[in-house]
Undergrad: 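The structure follows.
The analysis underlying the following values was restricted to heavy atoms, covering all of them including side chains, and did not include hydrogens, waters or symmetry mates. Just so we're on the same page: letters track the sequence lines, and every chain starts at 1. Not measured: the values here are computed from a predicted model.
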Amino acid sequence: MAQLHVRKNPTQPSSSVSHSLHSQKPKKQALTTAMVSQYGIKYAVHIITNHFGPLVAKVCDCLLKKGPLPLREIVRYTELSETLVRNCLLVLIQHNCLQPFLLEEEGGFGEVNKVSSLYMVLFDNVLHRVRFSKFMAIVSQEFNKLCVDLIETLLQHGRLSSEQIFDGFRDSSSSGGMEALQENIHKLVMARYVERCPISEPFLALPSEEEAAPARRRGAKSAKVFLEPETLEQRVLAAAVPPEGMRFSFELNPEIGADREKAENSSTGDKRKRDALESGTDGGFVDKQVVLWRVNCEEFTRRLRHKICIEIVRTRLDDEAATVFTAMLNASRSEEKKIKTASSVPLSENSIYAEVIKSEKGRNMTLDYVISVLVGLSSSPPFVRVVDNSYSIDYKHIIEVAQTDEVESIVYKKYGKDAYRMFRLLSKTGRFLETDKVSVTPHTLVGVGLDSLSTVGLANIGISDSIFVEKKETANILSKMWQGDYLQMEKLVAGPTQFLLWKVNMINLRERVLDDMFHASLNLSLRVAYELEQQKEILHLGVDGPMKEKYEKLKKVRFLLESSRMKLDDAIMIFHDF
Amino acid sequence: MFSQSPSCRYLLSSFYLRVPAFCTGCLSGEYCNYSFFLFGSYIWCVEDDTKEPDFNSTNPASWSHGYVAPEAHQGIVSSSTYIFDVLSAGMSRLQGPSSLKRKRPELNSPVQSLTEHERILYDVIRSKQDIGIWTRDMKKEAKLPDNVVNKSLKALQVKNLIKEVVNIQNKGRKHFMATEFEPSKEISGGAWYLEGSLDTEFIESLRQLCKRQIEKKGVATLEEVTDLINSYPAFNVDVTKQQIEEILRTLIWDNAIMEVKSNGMGEFASIPFGKVCYRYVSKGGLGGEPRAGALASIPCGVCPRISRCTPDGVISPKTCVYYQKWLDF
């Protein structure tokens, strides 16, 4: 990972900056943000419109389409007044959907380096807004009602200082006094469900010579590590995150009442931030006295990923496997630092067993039985990898299995059973196959995992021969899938004859399916709004008599639409977040 | 299907045969706990397989004393007919290897009574052995006028010396072969083809049988499946390992079974370590659809017009006909 130069005080140039002045070639910061698909943007803008109205949505749309921009550019593109844009940005910051940052760029030809203040929409956090109910459900399973209320308050307000939280619960009967409130916040922080807000305006310095050098030059071994360049978004987020120790530290203060009164005389964090933004110069500076808290979406996303993985294991294997798998997740949970983790830390049989017997379902399992379940989990499809008697969860594979299932089920529904077979043949083979005659087809799916294919082939078997469908029909189905962008096709001309070669490009297809999912989610949400309108009309007319039936039906319709949207959101997470 | 004539039923009874078959009606879902009998071309479930069916009764339900015919299985009686038909059709074809042997021309064969033109043509066709020849190529090679060729072809067919065969590579072309040869794999398409077309019924029945065997065992090797299929009473000829392998591969693409390597433990205990075998995929799979994913469960996921659907366009979620259908309950 490229190291980041995060400067505590951006007004003082770092040594790397002054050094870069003498370099010959002007260096540019890579402004690559993670690509958001067309309907991803539309869906995010739709969410923002629903929650904060069209003006904030306009600013969000502009930033999602153009990437990070300085204030004046946003004003120019949106054609809104500067004050209005500022306010929209503040709303987005308050709700954790926007991250301002300072970017250092080379001045060029002996000029001093420029530092510009940019605003970047956090696409993931916008999507998280539809998952708040899922977050609350997780908290309600693990904590008491007060914790659920606390999370709800934080989700509603985006970010709050401790004082603001206490104020909100002052008159609440469920709070049980300031002490209980503090204790519960502490519990949530310890469980990493609540965190300190990131640095308000982190500084991204120019990469040093070494970092700017292409990864390949550093030799084959290190090149592997550097293959995937970090996006600007990742760099900004990494720079903004408070140090681990700070991020989850909440000090219990027995004299909170006295402190609170003092704080009342001073400005709140929110006010301070507003001042900082308005002055436009010192955004990176945060008053250390006022700590802002927010819900840690990352942790919730991890928990949701765990839940989805458990369900995949349960449907593919059985309840016992799911119990052991859950124990593995719990045992390795504290070590997880990222969302997109390929695998968990390795766990010994004994540590897994110790976790298994903690659960009610696992209490009647013997060690031998747990080991046999682990063997089942590590055989095909391998959800767990075994190295030297240590077991680690193969998240990457589980998520890939889930993605493949989703794509294949669409193919089945859209193009039928024969198409499903052809698609599976092509996707498992992973390379071009001819419609009916191919020199080599996969003979054996070797290995405990199905992903490695040996090509000890049977000669002269093509797609139609492999799946027993007439050649004409095969060509027909394949071209339909190709027209629908589910397959890649290449024409091979050899003299007078022309061969058609087909392939599944899973990487492109995943992106395409994700875009379809955003589109479908947007549609579901629009339809819900439409049904709600109708419901309002009925309510206006009164729900008695003949209208009652219609009203009940509308309720059912809404339920179906909403639950479909939530399920689809799980799938979006499988394709986008995990 | 029930209105069989008494003589026909008599015939059925003479074919009475207990066979480890399976209920075709249940293939797509749960398995029937009843026993199955094969009566002539029928397979159905009976409650008590120790009693002989009473074929003299005009009531089909009493052909077996214990015949239960639960509602769910009524359809099987008719739908399963294909199983036996297909098996017997397939088997007779699979007895092929013996029929593939060249027949010795009889002593008083009609070859001796051929005209000169017929003889030239016959030699050309016969020289192509099991590949046969297209009429146009034949005309070129024999260097005979069209009308003579056509006339001679007819004569040779009447004398049963040549036959017309379907060339899988080009079904539109008239293709002839000497009767003593059976079309080669290139011409016939191989074991899975019958008269130039894919023998889908035969393939399907084999697929079902293989799947059933793997399901019963949980995990099985290719050799085990082949042996089991070949030990079927109805299968009095051998199906090759390669054929079964081809069938199993289609089951993999169906997600009905998966190919795994034995680790020598648990369910693989009876299979040597490292040996490739096939495991039944317990949920979903053959006959049934794969579990519908989140996107496939809603109209947008399979919508043919999704690319033209926009929030305020002619096609929109508000006006969508598929939504209308989906939400109409």
Undergrad: Using 0.5 Å steps for rounding, measure from the OG1 atom of B:T310 to the OH atom of A:Y39.
TA: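 Taking OG1 in B:T310 and OH in A:Y39, the distance rounds to 6.5 Å.
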Undergrad: Search all heavy atoms of B:I252 against all heavy atoms of A:R424 and return the closest pair with its distance.
TA: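 Heavy atoms of B:I252 and A:R424 come nearest at O-NH2, 2.8 Å.
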Undergrad: Keeping the roles fixed (side chain from A:E408, backbone from B:P290), state whether a donor-acceptor pair exists under 3.5 Å.
TA: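 Not a single qualifying donor-acceptor pair exists.
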Undergrad: If every non-hydrogen atom of A:K567 is compared with every non-hydrogen atom of B:A294, which pair is closest and at what distance?
TA: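 Closest pair (atom of A:K567, atom of B:A294, distance): O-CB, 3.6 Å.
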Undergrad: Indicate yes or no for a side-chain donor-acceptor contact from A:R421 to the backbone of B:D254 under 3.5 Å, with no hydrogens or angles considered.
TA: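 Checking the backbone N and O of B:D254 against the side chain of A:R421, no donor-acceptor pair under 3.5 Å is found.
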Undergrad: Is any side-chain heavy atom of B:R291 closer than 4.5 Å to a side-chain heavy atom of A:S409?
TA: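 The answer is no, as the side chains (C-beta and beyond) never meet within the 4.5 Å cut-off.
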Undergrad: Taking A:K413 for its side chain and B:V302 for its backbone only, find out whether a donor-acceptor pair lies under 3.5 Å.
TA: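 Judged by distance alone, no pair lies under 3.5 Å.
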Undergrad: For B:Y323 and A:A520, which heavy atoms make the closest approach, and how far apart are they?
TA: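 The answer is OH-O, 4.3 Å.
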Undergrad: To the nearest 0.5 Å, what is the distance between CD1 on B:I306 and CG on A:D516?
TA: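 Result: 6.5 Å between the selected atoms.
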Undergrad: Is there a side-chain contact between A:V469 and B:T200 (heavy atoms, below 4.5 Å)?
TA: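 No, every pair of side-chain atoms sits at 4.5 Å or beyond.
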Undergrad: Taking side chain as everything from C-beta outward and backbone as N, CA, C, O, which of these in A:K42 sits under 4.5 Å from a heavy atom of chain B? Side chain, backbone, both or neither.
TA: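 Contact with chain B is absent: no heavy atom of A:K42 under 4.5 Å.
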Undergrad: Atom CZ of A:F575 and atom CG of B:L295: how far apart are they, to the nearest 0.5 Å?
TA: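 So the CZ of A:F575 and the CG of B:L295 are separated by 8.5 Å.
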Undergrad: Taking the side chain as every heavy atom from C-beta outward, state whether B:L327 and A:E531 have any pair of such atoms under 4.5 Å apart.
TA: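 B:L327 reaches A:E531 side chain to side chain.
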Undergrad: If you compare all heavy atoms of A:Y420 against all heavy atoms of B:W253, which two are closest, and at what distance to 0.1 Å?
TA: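 A:Y420 and B:W253 have their closest heavy atoms at CE2-O, 3.9 Å.
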Undergrad: With rounding to the nearest 0.5 Å, note down the distance linking CG in A:L524 to SG in B:C300.
TA: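 If we round to the nearest 0.5 Å, A:L524:CG and B:C300:SG are 6.0 Å apart.
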Undergrad: For chain B, find which of A:H46, A:E406, A:M422 contributes the most heavy-atom pairs closer than 4.5 angstrom.
TA: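 That would be A:E406.
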Undergrad: Is there side-chain contact between A:S564 and B:W326, with at least one heavy-atom pair below 4.5 Å?
TA: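 With C-beta onward as the side chain, the pair touches.
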Undergrad: Do B:E246 and A:F468 touch side chain to side chain, with heavy atoms closer than 4.5 Å?
TA: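 SC-SC contact between B:E246 and A:F468 confirmed.
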Undergrad: B:C309 versus chain A, heavy atoms under 4.5 Å apart: side chain, backbone, both or neither?
TA: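 For B:C309, backbone and side chain are both near chain A.
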Undergrad: What residue, out of A:D570, A:L522, A:L561, has the most heavy-atom pairs lying under 4.5 Å from chain B?
TA: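 Winner by heavy-atom pair count: A:L561.
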Undergrad: When you compare the side chain of B:K318 with that of A:N523, does any pair of heavy atoms fall below 4.5 Å?
TA: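 No, too far: nothing below the 4.5 Å cut-off.
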Undergrad: Which of the residues A:D405, A:V557, A:I574, A:V407 is involved in the greatest number of heavy-atom pairs with chain B at under 4.5 angstrom?
TA: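 Among the listed options, the one with the most contacts to chain B is A:V557.
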